[in-house]
Amino acid sequence: MKATKRYGMVIDLTKCIGCHSCELSCKLENKVPLSVWRMWVKEGIKGHYPNVTKVYLPLLCNHCDNPTCVTVCPVKASIKREDGIVIVDPHRCIGCRYCMAACPYGMRHINPLIGIVQKCDFCLHRVSEGEKPACVLSCPNGAMIFGDLNDRFSEISKFIATHRVTVIKEDTGNIPFCLLYTS
Amino acid sequence: MDVTLLYNVPMQETFGVSIAIYFYLTGLSAGSFILSSLRYVFGFEKFKPLAKPGVVLAAVLLVMAPLALLIHSGHPMRAWHLFVFINPTSPLSWGSFLLTIYPIVCIIYAYFMFKENNKMAKILGIIGIPSAIAVHGYTGFVLAVAKARAVWATPIMPLLFLVSAMISGIALMMIVCAIQGYFFTKDRKINSELLFTLGNMLIWIIIFDLFLVLCDMVTHYMGHKEGIEATIHMTTGFFGFTFLIIEVFIGKIIPMIVFAVPRFRKNWVYVLTAIVIMIGIFVMRYNVVVGGEHIPLV
């Protein structure tokens, strides 16, 4: 077991019912202003007429291992912490929005009230006290699993050991750490 | 993917029109600087009337350009962070230094030019041409390095930007040439020979630019999924009208034909076409910046 932590998340799409409660709890917890979202649930219809299914995909910052936003930030306001969480330094950000343009997942937003870029930080204020992020806590089906990937006895490591997980846009080379379990 | 989207969060505008204006202004500045250096560095006596207005415009436009950045930025008062916290992997970080050095070079070059010190003007011009290329070329890197968007993340983006900068710079110089001849000479006569020479230069640069645009579109269309989506978006989709009709047809093909046909060799036709070209290049910047980020990512 390595000394450092590596936080990550698994979203079990077979359990997601599309209730949008993660989206709401994120907005409440982080006081995200109107018209912007730190995470959201994407809905879609798959297939053609007799065989139609509705699909849901909760999207949040992937906290990549090789994040484009950190590469392109001109003032080093976007930082990847040692535990893998990518954060924005609110006192250093100049609001140039280059990270928003460069993120292949479009997970960043500029706060219209204070003019700096903000993003999902896995609810750092909760995680640093040993609690789970708000979205994970609010999920009624337990579809979201959050934890330390370097600890092999954590819930998330056990899940990955027994299930095949995938990621969105693997070809960008960003190595995202929000893993999806489809079926 | 056969998933029909039902509900999606709209993407926030990232770069928008103000960055398109910024790219346009730096392009005009770099183009007019290179034209002004034709006389003092390369020794073409024909372009002497353009040397002084060219360098003055280059300096003025480049002082104006960062204002668009400040308006766009969420925290303009924190602009000094760019010079203190440097990230060598970020093109914006290179740009903050290029945007400082280039106007200074321009102003020193203009000083020696107005003092008629040809030797020093040549040396400053030799320093100035690479910095003019860099100050506009880095804006191409800004888009090319942001790998999220297929329209932007193409290796020829810096080259495409430089070529369109040359087009808009030459068109600006044609208008300057006409204004200079009509308002600032005693016999109110436009230097038609110079105007037609600039038109001839433009034909070949426009052909090169169209070739680059074709390369970009074809490789995207034959490429991966996002590239195909981007090509469809830019040709038959939402930006089809502004890209194909305004940018390529009105802004490039028609001026090319006008300059190539000897019948249209009239001063007013050339000046009018130059204005159309400048509008066309602005639409090109708009298409690349706003059209590129218009495609939803996930």
Side-chain angles (χ1 to χ4, degrees), chain A residues 18 20 23 35-37 39-48 52-57 59 62 68-78 89-117 168-169 171-174, chain B residues 1-16 18-19 22 69-97 141-150 152-153 224-226 289 292-293 295-298:
Chain A
H20 296 269
E23 199 178 311
S35 82
V36 289
W37 285 266
M39 75 144 334
W40 61 89
V41 181
K42 196 167 164 176
E43 289 183 13
I45 285 180
K46 198 177 178 183
H48 296 288
V52 182
T53 44
K54 198 141 179 223
V55 288
Y56 303 101
L57 178 61
L59 291 165
N62 284 287
T68 323
C69 50
V70 173
T71 316
V72 301
C73 179
V75 293
K76 286 188 177 166
S78 287
D89 184 345
H91 302 292
R92 197 181 273 195
C93 175
I94 58 169
C96 70
R97 312 185 204 186
Y98 193 20
C99 51
M100 287 165 65
C103 175
Y105 305 94
M107 287 303 152
R108 292 179 161 234
H109 64 81
I110 188 151
N111 190 323
L113 305 174
I114 54 175
I116 60 168
V117 173
I168 317 169
K169 290 197 183 180
D171 57 330
T172 55
N174 276 25
Chain B
M1 214 162 70
D2 56 345
V3 175
T4 317
L5 290 179
L6 293 181
Y7 165 77
N8 205 357
V9 168
M11 296 286 287
Q12 228 182 346
E13 187 186 72
T14 56
F15 276 176
S18 53
I19 293 294
Y22 164 69
L69 292 183
L70 288 180
I71 292 165
H72 171 257
S73 163
H75 264 281
M77 296 304 280
R78 289 185 188 169
W80 58 272
H81 284 198
L82 285 165
F83 300 97
V84 181
F85 310 112
I86 299 155
N87 186 2
T89 53
S90 168
L92 283 196
S93 209
W94 317 338
S96 54
F97 291 95
F141 280 107
V142 167
L143 293 188
V145 167
K147 60 183 170 188
R149 270 107 177 156
W152 295 354
H224 51 90
K225 182 179 134 273
E226 283 169 37
V289 174
E293 70 185 18
I295 306 166
L297 286 173
V298 277

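So you know, we letter chains A, B, ... as the sequences are listed, proteins then strands, and number each from 1.
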Distance (rounded to the nearest 0.5 Å) between A:Tyr98 OH and B:Ser93 OG:
11.0 Å
Which portion of A:Ile114 sits near chain B, non-hydrogen atoms under 4.5 angstrom
backbone
Check whether any side-chain heavy atom of B:Leu82 lies under 4.5 Å from a side-chain heavy atom of A:Pro74, and answer yes or no.
yes
Residue A:Cys96 versus chain B: region with a heavy atom under 4.5 Å:
both
Any side-chain heavy atom of A:Asn174 sitting closer than 4.5 Å to one from B:Lys147?
yes
Using a cut-off of under 4.5 Å for heavy-atom pairs, which of B:Leu143, B:Thr14, B:Thr89, B:Leu69 has the most such pairs with chain A?
B:Thr14
Residue list, side-chain contact (heavy atoms from CB on, under 4.5 Å) with B:Trp94, at least two apart or on another chain:
B:Pro91, B:Phe141
Taking every heavy-atom pair that is under 4.5 Å apart, which of A:Ala101, A:Cys69, A:Gly95 has the most such pairs with chain B?
A:Ala101
Would the distance check show the side chain of B:Asn87 and the main-chain N or O of A:Val70 forming a donor-acceptor pair, the cut-off being under 3.5 Å?
yes
Student check: side-chain heavy atoms of B:Phe85 and A:Ile94 closer than 4.5 Å:
no
Cation-pi between A:Arg97 and B:Phe15: NZ/CZ under 6.0 Å from ring centre and within 45° of the ring axis?
no
Minimum heavy-atom separation for B:Arg78 and A:Ile116, please, with both atom names.
NH1-CG2, 3.8 Å
Does any non-hydrogen side-chain atom of A:Val72 lie less than 4.5 Å from one of B:Leu92?
no
For A:Met100 against B:Glu13, the heavy-atom pair lying closest together:
CE-O, 4.2 Å
Is it the backbone or the side chain of A:Val75 that comes under 4.5 Å from a heavy atom of chain B, or both, or neither?
both
Among B:Ala148, B:Ser90, B:Ala146, which has the most heavy-atom pairs under 4.5 Å with chain A?
B:Ser90
Against chain B, label A:Val36 side chain, backbone, both or neither, depending on which of its atoms sit under 4.5 Å from a heavy atom there.
side chain
Side chain from CB out, backbone as N, CA, C, O: work out which of these in B:Val84 comes under 4.5 Å of a heavy atom of chain A, or both, or neither.
neither
Check whether B:Ile86 gets within reach of chain A through its side chain, its backbone, both or neither, counting any heavy atom under 4.5 Å.
backbone
Honestly, the part of B:Glu226 sitting under 4.5 Å from a heavy atom of chain A is side chain
Non-hydrogen side-chain atoms of A:Pro104 and B:Leu297 separated by less than 4.5 Å:
no
For A:Glu43, salt bridge (Lys or Arg N to Asp or Glu O under 4.0 Å) partners two or more places apart:
A:Lys54
